[in-house]
Amino acid sequence: MPANPRECSIANAMAVVGERWSLLALREIFFGVRRFDQIVRNTGASRDILAARLRKLVDAGVLQRRQYEQHPPRHEYVLTEAGRALHTVLVTLMDWGDRYVTEGEPPTVFRHSCGEVFRPQTVCAHCGEPSRPRDLTPLRLSSARP
């Protein structure tokens with residue numbers, strides 16, 4: 001019997017950013033690294049795989065490719081509004097990795113503008129209370145496709 005997966009925004013998002021090299025390229029661009037050779041060096045991705053991932057992120061509207069040199073033509077990658085909106089996802093994923101996967105001290109730590117070490121927390125936009133699974137009730141839950 002063929003699988004009929006549930007329609008899901010998580011699956012839709014993973015189709016765009018769910019590959020390892022896509023997320024690591026986005027990490028570098030958030031850190032201010034925008035040129036292809038630097039992204040290759042800092043991620044360890046092969047040039048052809050990284051080029052494919054960056055092209056997919058540009059096609060999906062997550063990144064924009066901008067020319068910074070004409071001879072020879074060279075481009076850099078900048079975040080679009082959709083790309084900047086992934087900031088919360090990346091810092092939350094990093095926090096999860098720091099707490100549950102990485103042994104020892106976290107490799108990267110951020111200081112918030114308040115002066116303290118940054119720890120992300122998802123809160124309700126209406127009341128400001130932290131988001132916990134037990135506090136969320138689905139209003140609409142798609143079923144598996146027929």
Side-chain angles (χ1 to χ4, degrees), residues 1-68 74-114 116-146:
M1 178 156 70
N4 295 315
R6 179 187 312 274
E7 180 64 27
C8 172
S9 295
I10 295 171
N12 296 341
M14 293 297 287
V16 175
V17 298
E19 297 161 321
R20 173 186 177 150
W21 302 118
S22 297
L23 287 172
L24 293 180
L26 287 168
R27 173 199 68 193
E28 290 305 310
I29 295 165
F30 272 109
F31 285 172
V33 176
R34 294 182 175 90
R35 296 185 179 173
F36 183 81
D37 288 339
Q38 295 169 317
I39 297 169
V40 167
R41 184 173 36 257
N42 292 349
T43 62
S46 70
R47 296 178 72 79
D48 58 331
I49 289 176
L50 183 63
R53 298 304 182 266
L54 289 169
R55 192 168 30 257
K56 184 175 183 178
L57 292 169
V58 168
D59 291 346
V62 174
L63 295 176
Q64 184 178 38
R65 191 170 173 245
R66 288 191 188 152
Q67 188 169 352
Y68 67 89
R74 297 199 187 271
H75 297 86
E76 64 182 5
Y77 296 90
V78 294
L79 297 161
T80 63
E81 180 182 345
R84 288 187 300 275
L86 286 166
H87 176 261
T88 303
V89 174
L90 290 175
V91 296
T92 303
L93 184 61
M94 185 181 83
D95 182 60
W96 181 86
D98 289 346
R99 295 190 314 162
Y100 298 107
V101 182
T102 303
E103 293 184 22
E105 292 293 315
T108 302
V109 177
F110 293 100
R111 182 176 312 284
H112 189 264
S113 59
C114 72
E116 294 299 316
V117 171
F118 177 73
R119 289 285 313 275
Q121 181 179 26
T122 303
V123 300
C124 174
H126 177 73
C127 69
E129 289 294 315
S131 169
R132 297 174 300 221
R134 69 176 181 252
D135 297 332
L136 302 177
T137 305
L139 296 178
R140 179 178 52 240
L141 186 62
S142 71
S143 57
R145 291 184 231 151

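Hydrogens, waters and symmetry mates are skipped; everything else that's a heavy atom, side chains included, is used. FYI, the numbering just counts along the sequence from 1. All values derive from a computational prediction rather than experimental measurement.
Around CD1 of Ile10, the count of heavy atoms belonging to other residues, nucleotides or ligands within 6.0 Å does not exceed 12. Applying the 6.0 Å contact sphere to CD of Glu105 captures no more than 12 heavy atoms from other residues, nucleotides or ligands.
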Pairs of donor and acceptor atoms involving the side chains of residues 17-33, under 3.5 Å and at least two apart or interchain, shall be tabulated with distances.
from: Glu19; atom 1: OE1; to: Arg53; atom 2: NE; distance (Å): 3.1
from: Arg27; atom 1: NH2; to: Asn42; atom 2: O; distance (Å): 3.1
from: Glu28; atom 1: OE1; to: Asn42; atom 2: ND2; distance (Å): 2.8

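With sequence neighbours left out, Gln121 forms a side-chain contact (heavy atoms from CB on, under 4.5 Å) with Val123, Pro130. Taking the side-chain hydrogen bond (donor to acceptor under 3.5 Å, both in side chains) definition, one finds that Asn12 meets it with Glu7, sequence neighbours left out. Remark: Arg65 pairs with His75 by the side-chain hydrogen bond (donor to acceptor under 3.5 Å, both in side chains) rule, at least two apart or across chains. The salt bridge (Lys or Arg N to Asp or Glu O under 4.0 Å) check on Asp135 picks up Arg132, with sequence neighbours excluded. For Pro107, the side-chain contact (heavy atoms from CB on, under 4.5 Å) partners at least two apart in sequence or on another chain are Asp98, Thr102. For Arg74, there are no side-chain hydrogen bond (donor to acceptor under 3.5 Å, both in side chains) partners at least two apart in sequence or on another chain. Looking at residues two or more places apart in sequence or on another chain, you find a side-chain hydrogen bond (donor to acceptor under 3.5 Å, both in side chains) between Arg119 and Asp95. For Arg47, the salt bridge (Lys or Arg N to Asp or Glu O under 4.0 Å) criterion is met by Asp37, not counting sequence neighbours.
Here the straight-line distance linking atom CZ of Arg6 with atom SG of Cys8 works out to 8.0 Å at 0.5 Å rounding. Rounded to the nearest 0.5 angstrom, Ile49 CD1 and Leu54 CG are separated by 12.0 Å. Atom CD in Glu76 sits 10.0 Å away from atom CD in Gln64 (nearest 0.5 Å).
At least one side-chain heavy atom of Tyr68 sits under 4.5 Å from a side-chain heavy atom of Arg35.
The salt bridge (Lys or Arg N to Asp or Glu O under 4.0 Å) analysis of residues 78-92, with sequence neighbours excluded, yields no pairs. Residue pairs meeting the ring-ring contact (aromatic ring centres under 6.0 Å, His included) criterion with at least one member in residues 38-62: none, sequence neighbours excluded. Counting only residues at least two apart or in different chains, ring-ring contact (aromatic ring centres under 6.0 Å, His included) contacts with residues 119-140 are absent.
Judged purely by atom type and a 3.5 angstrom limit, Thr80 uses its side chain to pair as donor or acceptor with the backbone of Gly61.
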* Should Leu79 and Leu63 be marked as a side chain to side chain contact (heavy atoms under 4.5 Å, CB included) after you check the CA-CA gap, both sets of side-chain angles, and the distance that decides it? -> CA-CA 5 Å; Leu79 297 161; Leu63 295 176; 3.7 Å; yes
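Across every non-hydrogen atom of Val40 and Ala45, the tightest pair is CG1-O, 3.5 Å.
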